[in-house]
There are 2 protein chains.
Amino acid sequence: MQKLTGEERSYYIENFQIEDFFSFNIHPYIEICKFDKGEWIFKEGSFPDTLYYMMEGKAKLYMTHKNGKVSLIEYIEAPCFMGEIELLNEARYTKGIQTVTETICLSIATQGCKDMLLADAPFLRRLCVFLGEKASKMTSKYTQNQAYPLENRLAAFIQLSSDKGIYKEKHTEICEYLGVSYRHLLYVLAQFCEANILQKKKNGYHIMDEQRLMQLAQEIQ
Amino acid sequence: MQKLTGEERSYYIENFQIEDFFSFNIHPYIEICKFDKGEWIFKEGSFPDTLYYMMEGKAKLYMTHKNGKVSLIEYIEAPCFMGEIELLNEARYTKGIQTVTETICLSIATQGCKDMLLADAPFLRRLCVFLGEKASKMTSKYTQNQAYPLENRLAAFIQLSSDKGIYKEKHTEICEYLGVSYRHLLYVLAQFCEANILQKKKNGYHIMDEQRLMQLAQEIQ
DNA sequence: TTCAAAATATGAGATATCTCACATTATTGT
DNA sequence: ACAATAATGTGAGATATCTCATATTTTGAA
C-alpha cells in the first residue's frame, strides 16, 4: 500500500468532493491510498483502525467459517465503504479483503475521529444509504441466483472477475462462492471450452466469445 | 391497525426506552400500533409517511417483479425497522409487508420529523447497526442456503412460518421464496407426510414430528 | 531439495430438481 | 350463480448437480 501525495493526491481529493461527506473538517484524518493488485486491504482477525472508501477498483471479501474453511463471500466494487461494520460495532470479527485490480481508496484513520464520525449525521446518513443498498443488492442477488443454473451464474462471474480477458481463479474457492460442487464447476467450465466460449491455457482460461458469455450472463438480468 | 392507548401504550413505551433512540423529543411523533394477523403494514406502491419499529411479531416482505410476478422475499421478526429504506431514499414503497402474527409496532410519523431524524446521529447510528446486521444476515443466509437441499430449507421454513403447529402457506408463493419449482415443493411436502413428519388436513399441514423437523432444520445450522 | 498438503482433474453412478402436460379443485368478479 | 382465473395435485422423462473414488500436478514449508 502506497500513500499518494502531491498532484495525484489532490486529483482524487478534489474530484470526489470529500467535504460533502462530513460536517467537520476531515482533512487531518484522511489519506489517499493505492493498493496493488492482489494486496490485502484487511486481513482477517486484525484490529481495524481505518475506514476506507474505495474510489476506484475491485476487491474480494473473504470469510473464515467456524470449521476453518475459507470462502469467498462477495466481490465489491467502487464506490463503496470498507470497514464500516467494524467501525459501528467496535467489533473484532473483521473479514478479509483482497484487491482484484489496482485500487484507490480514501482512508480515514478512525482512532482520531471515531467519535466524531459516529456523531456526524451527514456521514451516518450516507453510510445508511450505502448499507441499505447493500442489503437490497444482497436480497436481489439472493432471490435471483437461486433461479438460474450455474451456466448463467458462472458466465456472469467470469465477466466480473476476469482481468484482461483472462479468468484465473482458484476453483476450490469459486465453487464455494457459487454454491456448487467442485466437480460441477469443472464440468461447466469444460462445457464452455467445448463451446469455444473459453479456451484453457497455461495462465488461465481465455475468453474467446465475449458475446456469448454476455448473453449467458444477461439471462440472469 | 389499532392505536394503543392508556396502560397498554405506556407499557410498551416504558419498556422499550424509546428516548435512547433519539436525541430530540420523539414523543409528539410516535404511536404504538397493533396490527392483526394477516394485516398489511405497507402496501406496495403506496407513499410512505411512517417509519415503524417492530417490537413484537413476525411479518412477510413481498416484492413485485418487473414481469408482474409477486414473490416472498423475506420473513422479518421483531425487533426491526420497517420503512427505513424509503425514509432514506424518498422513494415510494417498493415492497409490501404483511403480518404473520399479531404485531406491535412503534410508529413514527415522519412528515413532521423526517429532517430531524435524518440529522439525528443517535438514530442514524442505530439504523446503521440494524442495516449492517441485515446485510450480514442476508449474506450468511445466501451463502448457506445454496449449500442445502430443499428438505432442510423447507423444514426450517415450516418452523418459521407455522402458527400453532399448523403450516398453511400458498405453495405458489413459497416455491418462489425457496427458489424451487412448484412441483418439487409438492414432492418434498409429500415426502414429509410419507415420513409422518407432517399430516395433511383440511386447514393445512399439521406438524406431527416437531423433533425430526427441528433436526432437519438444524442441519443448516 | 524433498515431502506433505493443497489444488487440479476426470469417471461413473446417484439424487435433487426442472419442465411440461394435464386434471381437479378453490376463489373471485360480475 | 357462473364463468374465468388462480391454486392445487400428479405423472413421466429430462437435466443440473452431488458424492465418491482415484490420479496427477502444483505449492509451501522444513
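Nothing here was measured: the structure is a model prediction, and the numbers come from that model.
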Proximity to the side chain of B/Lys170 - top-ranked nucleotide from C/dC18, D/dT17, D/dT8: D/dT8
Distance in angstrom units between A/Tyr167 OH and C/dT8 P, rounded: 10 Å
Sugar-phosphate only, base, or nothing, as touched by A/His171 at under 4.0 Å among non-hydrogen atoms: sugar-phosphate
Residue met sooner reading DNA chain D from 5', once A/Tyr182 and B/Tyr205 are mapped to nucleotides: B/Tyr205
Whole-Å gap separating P (D/dC18) and CG (B/Leu150): 15 Å
Distance, rounded to the nearest Å, where A/Tyr187 contributes OH and D/dA16 contributes C1': 9 Å
D/dA6 phosphate, OP1 or OP2, under 4.0 Å from B/Thr172 side-chain N/O: no
For the student: nearest non-hydrogen atoms of B/Met82 and B/Leu51, plus distance: O-CD1, 3.4 Å
Along DNA chain D (nearest heavy atom to each residue), the more 5'-positioned of A/Leu185 and B/Glu169: B/Glu169
Carboxylate-amine/guanidinium proximity below 4.0 Å for B/Lys60 and B/Glu169: yes
Rounded distance (Å) that lies between atom P of D/dT8 and atom CG of B/Asn203: 15 Å
Short N-O contact, B/Lys95 and B/Glu86, less than 4.0 angstrom: no
Of the listed nucleotides C/dT17, C/dT10, D/dG9, the one nearest the side chain of B/Leu186: D/dG9
Please list, pair by pair, any protein nitrogen or oxygen found under 3.5 Å from a nitrogen or oxygen in nucleotides 20-27 of chain C.
none

Value in whole Å for how far the C1' atom of C/dG13 lies from NE2 of A/His184: 16 Å
Verdict with reasoning, B/Leu87 to B/Lys114, per side chain to side chain contact (heavy atoms under 4.5 Å, CB included): CA-CA 8 Å; B/Leu87 174 72; B/Lys114 178 167 181 174; 3.9 Å; yes
Separation of D/dG9 P from B/Gln191 CD (nearest whole Å): 16 Å
Rounded distance (Å) that lies between atom P of C/dA7 and atom CD1 of A/Ile174: 12 Å
Nearest-angstrom distance from the residue atom CD of B/Glu194 to P of D/dT10: 12 Å
Aromatic centroids of B/Tyr52 and B/Phe35 separated by under 6.0 Å: yes
N-O pairing of B/Lys134 and B/Glu84 below 4.0 Å: yes
Stepwise ring-ring contact (aromatic ring centres under 6.0 Å, His included) check, B/Tyr205 with B/Phe192: CA-CA 10 Å; B/Tyr205 290 80; B/Phe192 282 3; 9.5 Å; no
